[in-house]
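Reminder, nothing fancy here: chain letters follow the sequence lines and each chain counts from 1.
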Amino acid sequence: MEAYDISLAGMFFAFLLLLIPILISYYLRLKLISSTAESIIRMSLQLAFVGVFLTFLFDLNNTLLNIAWVLVMVFVASHTVLKNAELRSKYILLPLSVSFIITNYPLLLYFNNFIIDLDNLFEARYFIPIAGMVLGNSLRANVVGIDNFCTEILRNENRYLFRLSMGAEKSEALVPYLRKSLRTALRPTIANMATIGIVFIPGMMTGQILAGASPIVAIEYQIAIMIAIYVATIMNVLLGVIVLIWNGFDEYGMFKKDMLKSE
Amino acid sequence: MGILDIKNISIRYDGQSVLSDFSLSVAKGEKILIKGRSGIGKSTLFRLIMGFSIPDSGTIILDNVPVNSDTIWNLRKRVAYVSQDTDIAEGKVTDLIDEIFSFKANNEVLDRDQLYSIIYGLSLNPDILNKDYSKLSGGEKQRIALMLALLSGKDIFLLDEVTAELDSGLKQKVVDMFLKKPEWTVLSISHDREWEQSATRVIDFSQETN
């Protein structure tokens, strides 16, 4: 069973649906037409590029190239986290990228080796999309975790200083903040796992079913990927905050406020 | 040389001079009351001693050791600082105590008998240990912060308006607790008369600085 290819006419009909939001926006003066158009164009161009690029990567299926592409993904993910958490990247972009590499590569290899049992662990058709699923889905949690850590330090700086003046090492005084940001960051992922399948059928499963896989296979993959996402999320947030603890404080243990873009 | 020497400290915030060429030598066991209108730099002095702000010029010396980014961690283990801001925790008071005394520097410092004697000494009910810190009154929070300082086993205290929210009977109790120990070195910023005792040296910032 093969998936139906969408013809050019089919794509035309897909875009035709956009008339509905455009008309609604026009009559209700939502002023969303230009931003909708921009987003649609950007999405189409980016996906067209990725489509061509992935075809190229999959055809070549070169181990080094696959590893390098995931490296680019990790780098962009780190940059996105810092940008969304409104942190200046010069202090921590590199250590954050390194920490993401340390957490995500072994996890991906574990996934491909023990869970899927692939012959070639760096097989492009698995390595790259799974890296994308794991990185993409842990991204939001990372933003939440890092943002929460910085906000709490700023808002409740006195609690931190109090612990320092009670003789705490920097790491001892920051453990409560670490704990809080991890809990906050992981809560949505945990809630998501509990409702999956009932509230929504996740994209990956839908994709596999459409591509002709049996629902059982699709569910196996979905369960495995959700676990991988959860594991990646907790490791990424933990290491991300540890990177902040190492790089975000001066020698006196004071938070480097110039790291924040708003300062 | 005293136990704590502050030499020619100057600091500016937003172009405004807060402390200018300020010096103070504190002898071991000395009790000092720091007075002066608000905004004059009293709290800044304590923040500088704790390394929470860095002076533009001048040095702070603790026990003949100049304070810098290496030695500040040792100073923080020797000096107990209780600030005006009592928003120091959320969750149960007993969990806060456990956390503070789980720090390496405070290992095996906590004396449970002493804990209860301080609780009664500060006119608190032992039930307070199971209450949520963030729901306590201002005066209760202040006393819990003081209790932690008293339990820490340190002998140099920087106290910033720690009696402000207590009634007068309690103010006297707290003052006595800190002033009666000859070996303790105490610097207290306060507007409360109770601190002005014969043995206390008074430094009035309104006169000292511009």
**Q.** B/Asp98/B/Arg112 salt bridge by N-O under 4.0 Å criterion
**A.** yes
Q: Heavy-atom distances under 4.5 Å only: say whether B/Asp85 touches chain A with side chain, backbone, both or neither.
A: both
Q.
More than 12 heavy atoms of other residues, nucleotides or ligands under 6.0 Å from NE2 of B/His191: yes or no?
A. yes
**Q.** Atom group of A/Met254 that falls short of 4.5 Å from chain B, counting heavy atoms
**A.** side chain
(Q) Could you check whether B/Lys28 pairs with B/Asp63 (Lys NZ or Arg NE/NH1/NH2 to Asp/Glu carboxylate O, under 4.0 Å)? (A) no
Q. Just wondering, do B/Asp95 and B/Tyr133 contact through their side chains at under 4.5 Å, heavy atoms?
A. no
Q) What part of A/Tyr252 is in contact with chain B, defined as an atom under 4.5 angstrom from a non-hydrogen atom: side chain, backbone, both or neither? A) both
Q. Who wins among B/Asp70, B/Val82, B/Ile54, B/Thr86 for the most heavy-atom pairs under 4.5 Å with chain A?
A. B/Ile54
Q. Which pairs count as ring pair (Phe, Tyr, Trp, His ring centres under 6.0 Å) when at least one residue sits in residues 86-124 of chain B, sequence neighbours excluded?
A. none
**Q.** Heavy-atom pair count under 4.5 Å with chain A, highest-scoring of B/Lys104, B/Arg47, B/Glu99
**A.** B/Glu99
**Q.** Most chain B-contacting option - heavy-atom pairs closer than 4.5 Å, from A/Gly167, A/Gly253, A/Ala173
**A.** A/Gly167
Q.
For A/Ser97 versus A/Val74, what's the shortest heavy-atom pair and its separation?
A. O-CG1, 3.6 Å
Q | Salt bridge B/Glu140-B/Lys135, side-chain N to carboxylate O under 4.0 Å | A | no
**Q.** Ion pair check, A/Glu152 and A/Arg159, cut-off under 4.0 Å
**A.** no
Q: Against chain B, work out which of A/Glu157, A/Met166, A/Lys170, A/Glu169 has the most heavy-atom pairs shorter than 4.5 Å and name it.
A: A/Met166
Q.
Less than 4.5 Å to any heavy atom of chain A: does that hold for the side chain of B/Leu75, its backbone, both, or neither?
A. neither
Q: Residue by residue, scan residues 219-245 of chain A and write down, ordered by number, those that have a heavy-atom distance under 4.5 Å to chain B; if none do, write 'none'.
A: none
Q | Residue, of B/Asp87, B/Ile100, B/Asn74, that accumulates the most heavy atom pairs under 4.5 Å with chain A | A | B/Asp87
Q) Would you call A/Lys256-A/Asp250 a salt bridge at under 4.0 Å N-O? A) no
(Q) Does B/Arg201 have more than 12 heavy atoms from other residues, nucleotides or ligands lying within 6.0 Å of its CZ? (A) yes
Q) Is the closest side-chain heavy-atom distance between B/Leu19 and B/Ser10 below 4.5 Å? A) no
Q | Which atoms of B/Leu96 approach chain A - backbone, side chain, both or neither, heavy atom under 4.5 Å | A | side chain
Q | Portion of B/Ser53 that has a non-hydrogen atom of chain A nearer than 4.5 angstrom | A | neither
(Q) Does any backbone or side-chain atom of B/Leu148 lie under 4.5 Å from a heavy atom of chain A? Answer side chain, backbone, both or neither. (A) both
(Q) If you count every heavy atom of other residues, nucleotides or ligands that lies below 6.0 Å from B/Tyr13 atom OH, does the total exceed 12? (A) yes
